[in-house]
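Since the structure comes first, as C-alpha cells, the remarks are kept for the end.
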Amino acid sequence: QELDALPTTGHLHHLLTKTYTPCVFTTIWLCLSRQARLTARNPHLTKSRIIQVVVVGLLLGTLFWQLDQSDFNAIFAVMFFAILNLAVSGMATIPGIIEERRVIYR
C-alpha cells in the first residue's frame, strides 16, 4: 500500500516492479554459469585450486592414516577439519558473488 504512493517514474520504479528483477533461482543459475565460464577461462586459478585440494587431501590422509574406526572423537575431528576447510575456502568467494549480482540487474 505504501509502495503505491511512491512515484512510478525513474529508477525507483524499475526496482519495485517484478518485470525487471529475476527470481532468486534464475539469479543463482546465471551467477553460477557465469562463474563457471570465468573459471574455465582462467587456467592459473584452476591449477591453483587443484593443487590446494591435493595438498589438503594429502594433509588429511597423512594426519589420520590408519585411524582406529572405533575412535569417534578422531573421526569427528577429521570431519570437522574437512568441513571447516571447505567453509573457510568458500568464504573467499562470497564478495565476488555479491558483486556479480549487479551484472544480473543490468
Side-chain angles (χ1 to χ4, degrees):
Q1 295 171 353
E2 293 176 355
L3 295 178
D4 293 335
L6 292 173
T8 58
T9 59
H11 183 66
L12 186 61
H13 175 68
H14 295 297
L15 292 176
L16 296 176
T17 58
K18 288 290 236 177
T19 18
Y20 293 104
T21 56
C23 70
V24 174
F25 298 113
T26 304
T27 305
I28 290 172
W29 177 254
L30 289 173
C31 286
L32 286 176
S33 62
R34 183 174 185 271
Q35 185 62 39
R37 281 182 299 195
L38 290 175
T39 303
R41 290 179 190 163
N42 192 351
H44 298 294
L45 178 66
T46 307
K47 288 177 187 176
S48 66
R49 285 188 183 175
I50 290 173
I51 290 172
Q52 177 187 5
V53 168
V54 168
V55 167
V56 170
L58 288 174
L59 180 68
L60 277 174
T62 56
L63 279 176
F64 300 102
W65 181 259
Q66 296 178 347
L67 183 66
D68 185 20
Q69 296 296 324
S70 63
D71 188 10
F72 290 110
N73 286 336
I75 292 171
F76 285 128
V78 171
M79 290 181 3
F80 177 76
F81 182 76
I83 291 171
L84 184 68
N85 186 18
L86 286 172
V88 170
S89 65
M91 285 173 55
T93 62
I94 292 174
I97 292 172
I98 293 172
E99 287 295 321
E100 285 180 12
R101 288 202 65 181
R102 292 190 304 162
V103 174
I104 303 301
Y105 289 140
R106 287 186 204 168

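Computation of the quantities below employed the complete heavy-atom set of this structure, encompassing side-chain atoms and omitting hydrogens, waters and symmetry-equivalent molecules.
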Report, one line per pair, each donor and acceptor closer than 3.5 Å where one atom sits in a side chain of residues 51-62; sequence neighbours left out.
from: T62; atom 1: OG1; to: L58; atom 2: O; distance (Å): 2.9
from: T62; atom 1: OG1; to: L59; atom 2: O; distance (Å): 3.1

Roughly how far, to the nearest 0.5 Å, is the [atom2] atom of [Y] from the [atom1] atom of [X]?
| X | Y | atom1 | atom2 | result |
| --- | --- | --- | --- | --- |
| N85 | F80 | CG | CZ | 11.0 Å |
| M79 | F72 | CE | CZ | 11.0 Å |
| L38 | S33 | CG | OG | 9.5 Å |
| N42 | R49 | CG | CZ | 9.0 Å |

Residues sharing I83's hydrophobic cluster, by side-chain heavy-atom contacts under 4.5 Å among ILVMFWY, directly or via others? none
Going by the rule side-chain contact (heavy atoms from CB on, under 4.5 Å), which residues pair with S48 if we only count those two or more places apart in sequence or in a different chain? L45
Any side-chain heavy atom of L32 sitting closer than 4.5 Å to one from I28? yes
